[in-house]
Protein chains: 2
Amino acid sequence: MNILEKIKNELDTFSKSERKVAEVILSSPNTVIHSSIAALAKQANISEPTVNRFCRRLDTKGYPDFKLHLAQSLANGTPYVNRHVDENDTAEEYTSKIFESTMANLELARKSLDPTSINRSVDVLTQANKLSFFGLGASAIVARDAQNKFFRFNVPVICFDDILMQRMSAINSRQGDVVVVISHTGRTKSLVEVATLAKENDATVIGITTKDTPLAKECSIVLSVDVSEDTDLYMPMASRIAQLALIDVLATGFTLRRGSKFRDNLKKVKDSLRSSRFDRKD
Amino acid sequence: MNILEKIKNELDTFSKSERKVAEVILSSPNTVIHSSIAALAKQANISEPTVNRFCRRLDTKGYPDFKLHLAQSLANGTPYVNRHVDENDTAEEYTSKIFESTMANLELARKSLDPTSINRSVDVLTQANKLSFFGLGASAIVARDAQNKFFRFNVPVICFDDILMQRMSAINSRQGDVVVVISHTGRTKSLVEVATLAKENDATVIGITTKDTPLAKECSIVLSVDVSEDTDLYMPMASRIAQLALIDVLATGFTLRRGSKFRDNLKKVKDSLRSSRFDRKD
DNA sequence: AGAAAAATGAAATTTTATTTCATAATTATG
DNA sequence: CATAATTATGAAATAAAATTTCATTTTTCT
C-alpha cells in the first residue's frame, strides 16, 4: 500500500512524537525525500531514533528504506486506493478517483490470484465438453461476457442469469462439463445451491469469488479475486471489473493452450463482423 | 525524465566500468534500490567510487539520491501497455501482463475523457424522463451493467441488446429521453442508425465510443474512451473494462448530483438484497 | 499516589557514502 | 610506435548518516 496513505490512515495510532514526524512528512513529502534523518528530526523537533522508530512502525527497514517508499508514493502522482469520492468533488476529481481506485483494485486482485488455480482452470476449460457460466446481478454481466468470449472458441457454451434455468442446467450437467459460478460475495444462496447441484452431478465447478465463502467451499477450483470492498459506493464497481479481467486471463490461457492454428480461427470470427461495420477511411 | 530511460539512452556514452554498473541496474533495478553502494559495486565488479561517479554523471547528488530517482522510475510502473502475451508465457506471466495492460489502458482512458462532457452527461442523465442503454456484443454487457446501476436510482431505465428492439425504442423516444449508445469501434452500422433515429426523435444521445467515428458524429455528447487497440487479442478486452469504469463515473456523478438523502436510498436497495444471501459469521 | 509500561533522546556504535590521492588504462601527438 | 596528456579506476582515509544501546522521562493503569 501507498505509504502516504498508510501514514494518514494510522495517524491516530501514533504517539505524540510520531505524529509530529507524520505531520512534517505529510505537509511536505517532497522535501523529506531529500532530507537526512537528522534534518527531519530537527524539523519535527524530535530525536533521530524516534524518526527511525517511526519508519520501522510503518514496516520499512529503516529511514533510507522509508524514503524509498515515500519516493515511490510521490512518483505515483496522487495516491490511489482509498481515495474516496467526496460530496464536493468536481467531475474531474471523481473521475480520477474512480479510475484510480479501479486500477488499484485490479492490482490487488492480481496479487490475490493463484497462478496454479488459473492453470488448472485453463486445463479444465480446454478439456470441457460443455461450458456454463452463471452469475446474478452484476456478476450476470461477467457471465455474459465470458459467454461472448468462449463462444468465439467454437465450444459449446451457455450462460444463464435466471435462477431456475441455472438450476435446471446444473441438474443436467455431467462428468466432463465445467460450470463457472461467479459471485463476488460468495454468499448468494441460489448460486451456492447451483454450485452444489452441479458438483453432485459430477461437473467440475470453478468459482470466481472471494475465498473462504460458502460458495468457495462448494467449488472444485476457486479463483479468488480480492478487491477492497469499501471503494464500492453501495454498488458493485471494482469487483466486477476484476472479474472481467480474470475472464480475459482465462480466455487468453485457453487460446494459448490451443496453439497458434486456433488463433487464426479467432481472427476469422473477428473478421466475420466486418460487414456489420462502416469502413475505416484510414 | 525517467532515470531508467536516461540510463538506456546514455548507455553508449558511458565508460567501460560505468556500463557494467548500468547493466546491473537495468537488469534488476528492483534489487538495486535495496542495495548499498558496496553491494552494487561488488555485483558489477567495480569499485564504490565508480558507482558514485556514475550517479553524479546522471545528475543526481550521489548514490542515495540516485536510488530515490530509481525508485520513482520504478513506481511509475514500466510503461506496461505494450507487454504482449507470448506463446510460452506461464499462467503467472500472462495473468500479470493482462492485468497490467488493463491498468495501463484505464490510465489512457482516463486521460482521454473530457470532464466537461462528463459533467454535461451527468446533467442530462439526472434530468432525463427515461434512460436507455444500447450496445451490441461486448458493449451489450456494458449496457446491462448500466441498467443494473441506474435501476437502483429508481429512474425508468431500459436496455436492449437486440437490434430491432433498439430501433423500436429509438423511434419511440421523445424530448427529455436520454439514449446512451455504446460501441468501442463507433462503426457498428445498426447502432449508428439507432443513434440517428433517437436524435431525430429529439432524444439526447450520449455516445460512449471513440472520437471521430460515424457514431460520434451522431451524438449530442461524446464520451470518448481511448484504449490502445493492439492489446486486444482478437476480442474486446480493455475497451469494455474502460467503458464499465466510465459507467461507474456516470453513476457516481448521478448520486453526487442527487445529494445525500438519495444515497441513503441506495443503501436500502443494497440492504434489500441481504435476505438472498448467507450471513457473514464475522 | 505509586508501580509498571511505554516513549523518548543523548551518546556510542555501526553502517554507508564520499573524498582524496596514487595508479592504471586509454588516447592523442610528434 | 614511443611517450606525454588525459581520463578512468580503486584502495584507503574521511565524512556523513543511520542505528543501537541505555538511561531518563512521560504516560497508563491500578
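The chains referred to below are lettered A, B, ... by the order of the sequence lines, with proteins before strands, and numbering in each begins at 1. Just so it is clear, the values below take in all heavy atoms, side chains as well, and ignore hydrogens, waters and symmetry mates.
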A.B. asks: Looking at A:Asp226 and A:Lys111, does any basic side-chain N land under 4.0 Å from a carboxylate oxygen?
C.D. replies: no
A.B. asks: Provide, to the nearest angstrom, the distance between the NZ atom belonging to A:Lys67 and the C1' atom belonging to D:dA16.
C.D. replies: 12 Å
A.B. asks: For the pair made of CG in A:Asn45 and C1' in C:dG9, what is the distance, rounded to whole Å?
C.D. replies: 13 Å
A.B. asks: If I take atom CZ in residue A:Arg53 and atom P in nucleotide C:dA6, what distance separates them, rounded to the nearest angstrom?
C.D. replies: 14 Å
A.B. asks: If the cut-off is 4.0 Å, is A:Arg56 near the phosphate of D:dA18, judged by side-chain N/O to OP1 or OP2?
C.D. replies: no
A.B. asks: Rounded to the Å, how far apart are A:Ile46 CD1 and C:dA7 P?
C.D. replies: 14 Å
A.B. asks: Is there a donor-acceptor pair closer than 3.5 Å between any side-chain N or O of B:Glu48 and the backbone N or O of B:Ala38?
C.D. replies: no
A.B. asks: Can you tell me the distance, in whole Å, between the CG atom of A:Asp65 and the P atom of D:dA17?
C.D. replies: 18 Å
A.B. asks: With a 4.5 Å heavy-atom cut-off, do B:Leu223 and B:Val249 have their side chains touching?
C.D. replies: no
A.B. asks: Could you tell me whether the side chain of B:Leu70 reaches within less than 4.5 Å of the side chain of B:Ile25, counting heavy atoms only?
C.D. replies: yes
A.B. asks: Can you sort out which residues in residues 13-44 of chain A have a heavy atom within less than 4.0 Å of DNA chain C? Ascending by number, please.
C.D. replies: A:Ser15, A:Lys16, A:Ser17
A.B. asks: CZ of B:Phe66 versus C1' of C:dT16: gap in Å, rounded?
C.D. replies: 16 Å
A.B. asks: In whole Å, I'd like the distance from the CD atom of A:Glu48 to the P atom of C:dT14.
C.D. replies: 17 Å
A.B. asks: Classify B:Arg57 by what it touches in the nucleic acid, base, sugar-phosphate, or nothing, heavy-atom distance under 4.0 Å.
C.D. replies: nothing
A.B. asks: Between B:Tyr63 and B:Ile37, what is the shortest heavy-atom contact and its length?
C.D. replies: CE2-N, 3.3 Å
A.B. asks: Check this for me: does any side-chain nitrogen of one of B:Arg110 and B:Glu107 sit under 4.0 Å from a carboxylate oxygen of the other?
C.D. replies: yes
A.B. asks: For a quick test of reading the model: is some side-chain N or O of A:Ser47 closer than 4.0 Å to OP1 or OP2 of C:dT8?
C.D. replies: no
A.B. asks: Whether B:Arg240 and B:Asp145 form a salt bridge (side-chain N of Lys/Arg under 4.0 Å from carboxylate O of Asp/Glu) is what I want to check.
C.D. replies: no
A.B. asks: Report the distance from atom OH of A:Tyr63 to atom C1' of C:dT15, rounded to the nearest whole Å.
C.D. replies: 16 Å
A.B. asks: Nearest to the side chain of B:Pro49, heavy atoms from C-beta on, is which of D:dT9, D:dA12, C:dT8?
C.D. replies: D:dA12
